[in-house]
There are 2 protein chains.
Amino acid sequence: MDITSFMNREATPDLEYLVDPSPTEALRLINLRKSTHVILIYGDMTAFYEGRAKSQLEDLMPRLVISKPDGTFMVHESNKEKPRLWNPPPSTLYASINLGVLTLRSVRASPREVVMVEIPVIRFVSAVRLGITLNYRVFGTEEDLVNAIVSNPSIVEDGLQIIAREYHTIVGDIDLLGKDSKGNLVVIECKRSQAGPEAVNQLKRYVEHLSQKESKNVRGILVAPSISSAAYHYLRQYGLEFRRVEPKSLI
Amino acid sequence: MDITSFMNREATPDLEYLVDPSPTEALRLINLRKSTHVILIYGDMTAFYEGRAKSQLEDLMPRLVISKPDGTFMVHESNKEKPRLWNPPPSTLYASINLGVLTLRSVRASPREVVMVEIPVIRFVSAVRLGITLNYRVFGTEEDLVNAIVSNPSIVEDGLQIIAREYHTIVGDIDLLGKDSKGNLVVIECKRSQAGPEAVNQLKRYVEHLSQKESKNVRGILVAPSISSAAYHYLRQYGLEFRRVEPKSLI
DNA sequence: CACTTTATCTCGTGA
DNA sequence: TCACGAGGTAAAGTG
């Protein structure tokens, strides 16, 4: 086996790796770098999870472990975007050697959850330093849609005036509250992608609450790029309205 | 740079890697193995996504690319469980060299989405063969809870009879439909973790729909390990009921 | 395909 | 900390 790193005395290296290391060598690199680097481990392993639910990967099989300095811990297999087992951040990684086998224990405090991995065959271990993008931004979110309507309410309807945004009620927060040209209160619920029954239900809940509280008629408008046909029936049954808006057209 | 693999003529190797490769060398390994192996790429890169939404990682920074044979494509940073950018399977990976820079393009067909990554500094590339667990099972899911109630309805209430499971309605699918000892229809909605207002709303929707359709009184019971106080108020306000059940106690 | 719901959802935000 | 809702949700199941 061959240890390779690009060390100078000044700085910790960005990249270190071990090929077919002994458990001891692997353990040393993991413990040395787990709090600053992303650790990658490739080998034959079994794994086990217990916490909010419970699951077991008892077949010894080549898998990939990824540990991040924030406590993210993942066991990936050959398919799927999601790891097969994981602990979300913040969790704590404990590495040890049990009966000669490299053993990883990721512990999440609350809720208490544990992922345990045993790696009898270690093919590869690496520690790499990764960056974090600041001011990360996604365009075309629901918030962008709400903003666009605030700055131009006629997207929804001519004569509409926006009264409030994120209007808090006992039954939830209303995306936008407005008044139409005839003076009716209008509840607006926005969705960035196709609306389903839950979205209609949400709108209905707000409208019912407000019309009861204000004891007058309240309109409800669902704003989304599309709506499922069942949801549309449901919406019309309760006298609610749908307004088609593409969030991407507003970017 | 140093190419290392454990090749014999018989079989493709489970592990290959390149340290500080040229773009050409990296490209070769990627194209050779992308359909069978998980590809790991560590280097300084920028990335870009456009599809359902849009986002850009324009700062050149060390990141980790993971590509799986099923088309999963992820760009990971130093924190978070979720990749910063990704394409879910099935997507297609195209690798090329543009103006001397290794460029990856992951394309998802429907909805049309593209992730593009440019890697001017390639520190490390690896291809590893991973397994897939068959008969994978999680214990303590909502389905387990529903099953437990089907085989022993008294968990919810003495004298309860289960009539149907996954009962389809226009407003959605009802987890369990039952009849109580007095002959009333009972809608049961199960949650494996704490119930919030949305769960109550869901139950209310089913109960309203059924009581309208059957034109008689219908009870609604929310079964969950706990319920938020706001949700409980809301539940009681509509005459619905809550039954505390720990899904883990049923494993 | 489209539709619906679950999830060890994760993640951000605001009380 | 907890509660709540969005998410490029992903993944699974059904018609």
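We name chains A, B, ... by the order of the sequence lines, and we start the count at 1 in each one.
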With sequence neighbours left out, what residues match Tyr238(B) under ring-ring contact (aromatic ring centres under 6.0 Å, His included)?
Tyr234(B)
Please enumerate all residues that pass side-chain contact (heavy atoms from CB on, under 4.5 Å) together with [X], with sequence neighbours excluded.
X         : value
Ala199(A) : Lys191(A), Ala195(A), Leu222(A)
Asn152(B) : Ser154(B), Ile155(B)
Lys80(A)  : none
Glu143(A) : Thr141(A), Asn147(A), Arg165(A)

Which pairs count as side chain to side chain donor-acceptor pair (under 3.5 Å) when at least one residue sits in residues 35-49 of chain A, sequence neighbours excluded?
Tyr49(A)-Glu113(A)
Could you measure between the two P atoms, the one in dT4(C) and the one in dT8(C), and give it in whole Å?
23 Å
Could you give the distance separating dG8(D) and dC4(D) at their P atoms, to the nearest angstrom?
22 Å
Summary of salt bridge (Lys or Arg N to Asp or Glu O under 4.0 Å) pairs that have at least one residue in residues 231-243 of chain B, sequence neighbours excluded:
Arg219(B)-Glu241(B)
Suppose the criterion is salt bridge (Lys or Arg N to Asp or Glu O under 4.0 Å): which pairs have a residue in residues 84-94 of chain A, not counting sequence neighbours?
Glu77(A)-Arg84(A)
Main chain of Val101(A), side chain of Thr103(A): is a donor-acceptor contact present, judged purely on distance under 3.5 Å?
yes
Backbone N/O of Val75(B) and side chain of Arg63(B): donor-acceptor pair under 3.5 Å:
no
Mind checking side-chain hydrogen bond (donor to acceptor under 3.5 Å, both in side chains) for Arg137(B) and listing every partner two or more places apart, or none if nothing turns up?
Asp144(B)
Using OP1 and OP2 only, check whether a side-chain N or O of Arg52(A) sits under 4.0 Å from dC9(C).
yes
Contacts to DNA chain D from residues 76-91 of chain B, heavy-atom cutoff under 4.0 Å, which residues?
Leu85(B), Trp86(B), Asn87(B), Pro88(B), Pro89(B)
Between C1' on dT8(C) and CD on Glu113(A), what's the gap in Å once rounded to a whole number?
5 Å
Expressed in angstrom and rounded to an integer, what is the separation of Tyr136(A) atom OH from dT13(C) atom C1'?
17 Å
Nucleotide range of DNA chain D contacted by chain A, 5' to 3', under 4.0 Å to a heavy atom?
dG5(D) to dA12(D)
For nucleotides 3-6 of chain C, tabulate all protein N/O to nucleotide N/O atom pairs closer than 3.5 Å, reporting atom names and distance.
from: dC3(C); atom 1: OP2; to: Gln194(A); atom 2: OE1; distance (Å): 3.3
from: dC3(C); atom 1: OP2; to: Gln194(A); atom 2: NE2; distance (Å): 3.0
from: dT4(C); atom 1: OP2; to: Ser228(A); atom 2: OG; distance (Å): 2.6
from: dT5(C); atom 1: OP1; to: Asp173(B); atom 2: N; distance (Å): 3.3
from: dT5(C); atom 1: OP1; to: Tyr206(B); atom 2: OH; distance (Å): 3.4
from: dT6(C); atom 1: OP1; to: Glu142(B); atom 2: OE2; distance (Å): 3.3
from: dT6(C); atom 1: OP1; to: Lys191(B); atom 2: NZ; distance (Å): 3.4
from: dT6(C); atom 1: OP2; to: Lys191(B); atom 2: NZ; distance (Å): 3.4

